[in-house]
Student: 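Have a look at the structure that comes next, please.
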Amino acid sequence: GQQVMQIPQYQHVQEGEDFTTYCNSSTTLSNIQWYKQRPGGHPVFLIQLVKSGEVKKQKRLTFQFGEAKKNSSLHITATQTTDVGTYFCAGRPNTGNQFYFGTGTSLTVIP
Amino acid sequence: KAGVTQTPRYLIKTRGQQVTLSCSPISGHRSVSWYQQTPGQGLQFLFEYFSETQRNKGNFPGRFSGRQFSNSRSEMNVSTLELGDSALYLCASSLIRQGGNTEAFFGQGTRLTVV
């Protein structure tokens, strides 16, 4: 069945260091979304990528969608303590309208 | 615009009991999805409802069921509760546009503890 995997599962970084989480799908995706869940909170939508090879930026966050539309990445430059949380990707296959959430990457930023 | 509202926020039940959780989506959103979140398991998709019909279903046993009403409000029910059902249950609503669902707006969740 459809699977969306994320690596790493956990990441500890020193404040100011960069962070990257990778999302891989077993099938080609129509689009992919990214969400952030703060500790004790609920997932909040960050961005959606649709086009092959698309790159989008939100301040210190850079999102990429792979050329084959089977993988994606989220890169945070110069992490801050406010970046703490779990980052999820959610991919929608070419067929169907359901989004499959990745396993998530939990980011800890050490001040 | 009010967000997604889930009730109750916290619930403690005994093994073998059944429970009903409620979700009120954002006004105008007709798609409602339910997820189970446990440490280490991420977000596990339960089911999606659209216009009172179950449109998608995850790999959960028949003890997990749901429904959607004409005003798009949704409920999920878990019967014969097991200890392993302890989790945060999240509801998310979204719009349906050409090409599929738009972004999902999540509620605060219902924290279910089975003892």
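Numbers restart at 1 for each chain; the letters A, B, ... are given by sequence-line order, proteins then strands.
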Student: Which residues end up grouped with A:Met5 if you chain together Ile, Leu, Val, Met, Phe, Trp and Tyr wherever their side-chain heavy atoms are less than 4.5 Å apart?
Tutor: none
Student: Tell me whether A:Val84 is reachable from A:Ile76 by hopping between hydrophobic residues (I, L, V, M, F, W, Y) whose side-chain heavy atoms are closer than 4.5 Å.
Tutor: yes
Student: Within a 6.0 Å radius of atom CD1 on A:Ile110, are there more than 12 heavy atoms belonging to other residues, nucleotides or ligands?
Tutor: yes
Student: To the nearest 0.5 angstrom, please state how far the CD atom of A:Gln48 sits from the CD atom of B:Glu103.
Tutor: 8.0 Å
Student: Which value, rounded to the nearest 0.5 Å, describes the distance between B:Leu43 atom CG and A:Phe99 atom CZ?
Tutor: 14.0 Å
Student: Using heavy-atom distances under 4.5 Å, tell me whether B:Gln37 contacts chain A through its side chain, its backbone, both, or neither.
Tutor: side chain
Student: For B:Arg15, is the CZ atom crowded, meaning more than 12 foreign heavy atoms sit under 6.0 Å from it?
Tutor: no
Student: Assess whether atom CZ of A:Arg60 is packed by more than 12 heavy atoms of other residues, nucleotides or ligands within 6.0 Å.
Tutor: yes
Student: Please name the pair of heavy atoms, one in A:Phe101 and one in B:Tyr35, separated by the smallest distance, quoted to 0.1 Å.
Tutor: CE1-OH, 3.3 Å
Student: Counting only heavy atoms closer than 4.5 Å, note whether A:Gln6 contacts chain B via side chain, backbone, both or neither.
Tutor: neither
Student: Just checking B:Phe60: does its CZ atom have more than 12 heavy atoms from other residues, nucleotides or ligands closer to it than 6.0 angstrom?
Tutor: yes
Student: Does A:Lys57, at its NZ atom, have more than 12 non-hydrogen atoms belonging to other residues, nucleotides or ligands within less than 6.0 Å?
Tutor: no
Student: Considering residues, nucleotides and ligands other than B:Asn59, do more than 12 of their heavy atoms fall under 6.0 Å from its CG?
Tutor: no
Student: Considering heavy atoms only, which positions within residues 105-115 of chain B lie below 4.5 Å of chain A?
Tutor: B:Phe106, B:Gly107, B:Gln108
